[in-house]
Amino acid sequence: MSDKTSKNLWGGRFAGRADPKFTDFNRSFGFDRRLFEVDVRGSIAHCNGLVRADVLTSDEGEQIESALNELLENAGSRSRFLEDAVAEDVHSFVEARMVEMVGDLGRKLHTGRSRNDQVATDLRLWLRDEIDRLVALLFDSQTTLLDLAEANRDVVIPGYTHLQRAQPVLFAHWCLAYLEMLARDRERLADVRKRLNVLPLGSAALAGTSYSIDRESVARELGFDSVSRNSLDAVSDRDFCIEFASAASMIMMHLSRLAEDIILYSTTEFGFFELSDAVATGSSLMPQKKNPDAMELVRGKAGRVFGHLQSLLTTMKGLPLAYNKDMQEDKEALFDTVDTVKASLSVATIVLRNIRLNGSRTREAATRGYLNATELADYLVRKAVPFREAHETVGRMVMHAIQRRCELNDLSLDEFKSFSPLIDDDVLDSLSLEATLATKSQIGGTAPSRVAEALASARKSLAAD
Ligand code: ARG
């Protein structure tokens, strides 16, 4: 540790030394070094702003900029360049290293800037990149779901409500349901990104900068759409972190539901899916076991991300304007949220790629347990029976079939007629699995024709992205 690196960014006003326990407590470099690259990028843009404002000569600006670029190269090429360093935070680290390189000139870079607008800028830059990566991962998951659906176009599964067999649906329809969730997730991230993409730099500590820095040009250089309108708000706003954690929580909630379906469908009791060895584990004790750990972890990690959302909200709720050190606590929550969602999405995609379906098993499940009872009621409705009455009649027929230990389509025409004389021998056609599916032909339904359309349009919209 060089003396300069560890030196505080303040001094003049202080006579005594900080307690080492406090110094440790105060440090964020252990985690905020992840902002190193964006901190340097932001510093270069600030440096250029200072040159344009005639605070630095262009020669000075060039020296600082090339030192900052060299730092980036060092971090890329020297292993443990960041890990082995000691600093209070990433901002003091970058400044100290740069001063080591260019001497006193380096001390001019912080003119018109505070770590308050700096850290707000860094976080936005960092999260913007991560959101772009997450969107790409969501896209991969969507594509995989679509591939899975298309490869199993004819597979029928029971649809459930209350986890009781309800009506048959196409397996592809099930895939497309998750595809919709992920599509909304992507929209939400795009929306977070829009509000995130505003430059705080130039707000300085809280009141704005007193140098004639053209903030708009700094914003353009860093790819921001606009500059913040109020300096107090800009340095103390972490809405974008909370919005992101909320969108991330929603992603995890969706993945967790997907995980739950997959875990359930892979049990011996259901037997719809077989998980590949690539994403399952065995038991150290029971030789027969094949456990869906990957999906259980995804389900479990949802709780962790929800916790981060809660912790960010709680950290911010009582803070007076403007910056408060409490806000340093935003980083680990944010970083872990990003890491967890990224890892969960990647693993969920691998699991989806490795699912094998047992089509005869799902078909059997979709045709046993009176999943066509609603169809029979609809049949009676077509014969002008009011739906409520039809429902009642079919209920009694189901009761009868349960006692006979058979399905509705195993009943004889005489039996049917004993419940309703309106029933003819065309009834069996409308109770078939094919007919049951085909009638759900309005937009959003599981009729094979509709699902084929939905698959094609999903493919088209993914191709357009
Ligand atoms: N490490 C600090 C944080 O993450 C940087 C901002 C510090 N600002 C200050 N005035 N102490 O919040």
Side-chain angles (χ1 to χ4, degrees), residues 28 31-49 68 72 89-91 93-94 109-110 112-136 186 188-206 208-209 213-248 308-309 312-313 315-316 319 321-339 341-342:
S28 52
F31 46 88
D32 71 10
R33 58 178 158 230
R34 286 182 74 160
L35 299 174
F36 170 76
E37 199 195 310
V38 287
D39 195 76
V40 174
R41 262 160 62 197
S43 293
I44 291 173
H46 180 64
C47 173
N48 292 332
L68 288 170
L72 279 182
D89 58 21
V90 67
H91 324 294
F93 172 78
V94 169
L109 177 63
H110 211 54
R113 178 176 77 166
S114 155
R115 279 184 296 162
N116 299 349
D117 57 346
Q118 190 178 356
V119 72
T121 303
D122 288 5
L123 267 186
R124 284 172 190 258
L125 283 172
W126 183 83
L127 189 55
R128 192 177 67 189
D129 288 348
E130 291 297 338
I131 285 178
D132 293 343
R133 284 184 197 115
L134 265 174
V135 167
R186 280 178 58 192
R188 260 185 290 273
L189 286 181
D191 197 51
V192 173
R193 193 189 193 283
K194 234 180 342 200
R195 268 183 301 285
L196 166 156
N197 208 24
V198 176
L199 175 78
L201 202 62
S203 303
L206 75 164
T209 182
I213 296 169
D214 176 13
R215 298 186 61 211
E216 308 272 0
S217 69
V218 176
R220 271 194 300 279
E221 186 172 339
L222 290 172
F224 286 103
D225 296 327
S226 60
V227 300
S228 56
R229 290 189 295 255
N230 181 292
S231 59
L232 284 173
D233 176 49
V235 291
S236 64
D237 170 26
R238 293 294 181 272
D239 289 5
F240 64 97
C241 299
I242 297 173
E243 279 188 52
F244 172 76
S246 161
H308 292 321
L309 170 62
L312 286 167
L313 282 166
T315 298
M316 295 306 294
L319 297 188
L321 283 179
Y323 176 83
N324 299 271
K325 192 64 173 252
D326 314 44
M327 289 158 66
Q328 182 163 288
E329 290 296 306
D330 59 6
K331 281 164 211 69
E332 285 158 294
L334 187 66
F335 296 160
D336 190 66
T337 299
V338 167
D339 292 344
V341 179
K342 274 163 68 180

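Counting from 1, the numbers follow the sequence of the chain as shown.
- The CG atom of Asn230 lies 10.0 Å from the CG atom of Leu206; values are rounded to the nearest 0.5 Å.
- Contact annotation: the side chain of Phe224 never approaches that of Leu201 to less than 4.5 Å [non-hydrogen atoms, C-beta and beyond].
- Rounding to the nearest 0.5 Å gives a distance of 11.5 Å between CG of Asp32 and CH2 of Trp126.
- Counting heavy atoms from C-beta outward, Gln118 and His110 have side chains that approach closer than 4.5 Å.
- Between Asp237 and Arg124 a salt bridge is recorded (basic side-chain N to carboxylate O distance below 4.0 Å).
- Atom CD of Glu329 has 12 or fewer heavy atoms from other residues, nucleotides or ligands within 6.0 Å.
- Using a 4.5 Å heavy-atom cutoff, the side chains of Arg229 and Val198 are not in contact.
- The shortest heavy-atom contact between Asn116 and Ala205 is ND2-O, 3.2 Å.
- In this structure, Lys331 and Val119 have side chains that are in contact, with non-hydrogen atoms separated by less than 4.5 Å.
- The two atoms that bring Val235 and Ala204 nearest to each other are CG1-O, 3.3 Å, heavy atoms only.
- Between Asp330 and Arg238, at least one side-chain N (NZ, or NE/NH1/NH2) sits under 4.0 Å from a carboxylate O, which counts as a salt bridge.
- With sequence neighbours excluded, the residues forming a side-chain hydrogen bond (donor to acceptor under 3.5 Å, both in side chains) with Gln328 are Ser28, listed by chain and number.
- Between Lys342 atom NZ and Arg133 atom CZ the span is 5.5 Å, to the nearest 0.5 Å.
- With sequence neighbours left out, Arg215 forms a side chain to side chain contact (heavy atoms under 4.5 Å, CB included) with Ser203, Val227, Ser228.
- For the pair Cys241 and Leu123, the minimum side-chain heavy-atom distance is below 4.5 Å.
- Across all their heavy atoms, Leu109 and Cys47 have their closest contact at CD1-CB, 3.7 Å.
- Taking CG of Leu334 as the start and CG of Leu309 as the end, the distance is 11.5 Å to the nearest 0.5 Å.
- Comment: Arg128 does not engage Asp132 in a salt bridge, judged by the lack of any side-chain N to carboxylate O separation of less than 4.0 angstrom.
- Of the residues listed (Arg113, Arg41, Glu221), the one engaging His46 in a side-chain contact (heavy atoms from CB on, under 4.5 Å) is Arg113, and it is the only one.
- Ion pair Lys194/Asp225 not flagged as a salt bridge, since none of the NZ, NE, NH1 or NH2 atoms sits closer than 4.0 Å to an Asp/Glu carboxylate oxygen.
- A distance of 11.0 Å separates CG in Leu35 from OG1 in Thr121, rounded to the nearest 0.5 Å.
- Considering CG of Leu312 and NE2 of His308, their distance stands at 8.5 Å, rounded to 0.5 Å.
- Under the 3.5 Å distance criterion, the side-chain polar atoms of Asp39 are left unmatched by any main-chain donor or acceptor of His91.
- The residue from Asp336, Asp339, Asp129, Asp89 that alone fulfils the salt bridge (charged side-chain N to carboxylate O under 4.0 Å, His left out) condition with Arg34 is Asp339.
- Shortest non-hydrogen contact noted between Ser226 and Ala219 is O-CB, 4.1 Å.
- Counting only heavy atoms from C-beta outward, the side chains of Phe240 and Leu127 approach each other to under 4.5 Å.
- Between Ser236 and Leu319 the shortest side-chain heavy-atom distance does not fall below 4.5 Å.
- Of all non-hydrogen atoms in Val218 and Gly49, the two that sit nearest each other are CG2-CA, 4.1 Å.
- Side chains of Arg188 and Ser246: a donor-acceptor N/O pair is absent below 3.5 angstrom, by distance only.
- The cationic atom of Arg115 (NZ for Lys, CZ for Arg) does not lie both less than 6.0 Å from the six-membered ring centre of Tyr323 and within 45° of the ring axis.
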Stepwise side chain to side chain contact (heavy atoms under 4.5 Å, CB included) check, Phe244 with Leu196
CA-CA 9 Å; Phe244 172 76; Leu196 166 156; over 6 Å; no
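- At least one side-chain heavy atom of Met316 sits less than 4.5 Å from a side-chain heavy atom of Ile242.
- Here the shortest heavy-atom pairing between Ala248 and Val341 reads CB-CG2, 3.8 Å.
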